[in-house]
Visitor: 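Provided herewith is a single structure, encoded as structure tokens, for subsequent inquiry.
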Amino acid sequence: QVQLVESGGGLVQAGGSLRLSCAASGRTFSRYPMGWFRQAPGKEREFVAAISGIGDSTYYADSVKGRFTISRDNAKNTVYLQMNSLKPEDTAVYYCAADLRIPNGYPSRSVGLYTNWGQGTQVTVSS
């Protein structure tokens, strides 16, 4: 059974940093794109960042570009999201997702194209 488990969320002051981790189990994820999404109360889930299977390509939402960095360690089946210069508007539940449709597929920004999701981790940024 495929499982994604996020960790690393919490409460931080504006300007601070957090690093989220997503541990994958149940199969090898190394050839598949992975992404991070977030959902604030009353809003739709939105794209944050995505990374290719071997980690050579990364993509970011304009709102986080230059502040967030996505990376992966395929030996550990883990994806990370380093978040710096956090703002109150970054407050949301952050979800890790895997696109297991096609090996070496293109990392999509679309929520609907990801096949497996974690349970989410809360990030709260105070002003």
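Quick note: numbers below take in every heavy atom, side chains included, and nothing from hydrogens, waters or symmetry partners. Count residues from 1 along the sequence.
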Visitor: Which heavy-atom pair separates Ala50 from Tyr114 by the least distance, and what is that distance?
Guide: CB-OH, 3.6 Å
Visitor: How close do Ser127 and Pro88 get, counting heavy atoms only, and between which atoms?
Guide: CB-CG, 3.8 Å
Visitor: Ignoring hydrogens, what is the shortest heavy-atom contact between Tyr95 and Gln119? Give both atom names and the distance.
Guide: CE2-O, 3.5 Å
Visitor: Tell me the disulfide bond (SG atoms under 2.5 Å apart) pairs involving residues 34-81, sequence neighbours left out?
Guide: none
Visitor: For residues 51-92, pull every pair meeting disulfide bond (SG atoms under 2.5 Å apart), keeping only residues two or more places apart or in separate chains.
Guide: none
Visitor: Atom CD of Gln13 and atom OG1 of Thr124: how far apart are they, to the nearest 0.5 Å?
Guide: 13.0 Å
Visitor: Which residues pass the side-chain contact (heavy atoms from CB on, under 4.5 Å) test with Ser71, not counting sequence neighbours?
Guide: Tyr80
Visitor: Can you give me the closest heavy-atom contact between Leu81 and Ala49, atom names plus distance?
Guide: CD1-CB, 4.2 Å
Visitor: How many angstroms lie between CZ in Phe47 and OG in Ser110, if you round to the nearest 0.5 Å?
Guide: 10.5 Å
Visitor: Only distances under 3.5 Å count here; give the side-chain donor-acceptor pairs of residues 53-60 to other protein atoms, sequence neighbours excluded, each with its distance to 0.1 Å.
Guide:
unit_1	atom_1	unit_2	atom_2	d
Asp56	OD1	Ser52	OG	2.6
Tyr60	OH	Ile70	N	2.9

Visitor: Assess the pair Phe37 and Trp117: is the distance between their ring centroids shorter than 6.0 Å?
Guide: yes
Visitor: Measure across Val125 and Thr91 and return the closest heavy-atom pair with its distance rounded to 0.1 Å.
Guide: N-OG1, 2.9 Å
Visitor: Hey, could you give me the CD/CD distance between Gln39 and Gln122, rounded to the nearest 0.5 Å?
Guide: 11.0 Å
Visitor: Locate the shortest heavy-atom distance separating Arg38 from Ser63; write the atom from each residue and the value.
Guide: NH2-OG, 3.5 Å
Visitor: Parallel, tilted or perpendicular for Tyr94 and Phe68, by the 30°/60° rule?
Guide: tilted
Visitor: For Arg67, check side-chain contact (heavy atoms from CB on, under 4.5 Å) against everything at least two apart and list the hits.
Guide: Val64, Ser85, Lys87, Asp90
Visitor: Taking Arg45 for the side chain and Ala40 for the main chain, is one N or O donor matched with an acceptor at less than 3.5 Å?
Guide: no
Visitor: State the CZ-CG distance between Arg101 and Leu113, to the nearest 0.5 angstrom.
Guide: 4.5 Å
Visitor: What residue among Asp99, Leu4, Asn116 forms side chain to side chain contact (heavy atoms under 4.5 Å, CB included) with Met34?
Guide: Leu4
Visitor: Ignoring hydrogens and angles, write down the donor-acceptor pairs under 3.5 Å from the side chains of residues 14-27, residues two or more places apart or on other chains.
Guide:
unit_1	atom_1	unit_2	atom_2	d
Ser17	OG	Asn84	OD1	2.9
Arg27	NH2	Tyr32	OH	3.0

Visitor: Hey, mind stepping through Ile51 and Trp36 against side-chain contact (heavy atoms from CB on, under 4.5 Å) and telling me if it holds?
Guide: CA-CA 9 Å; Ile51 188 167; Trp36 285 97; over 6 Å; no
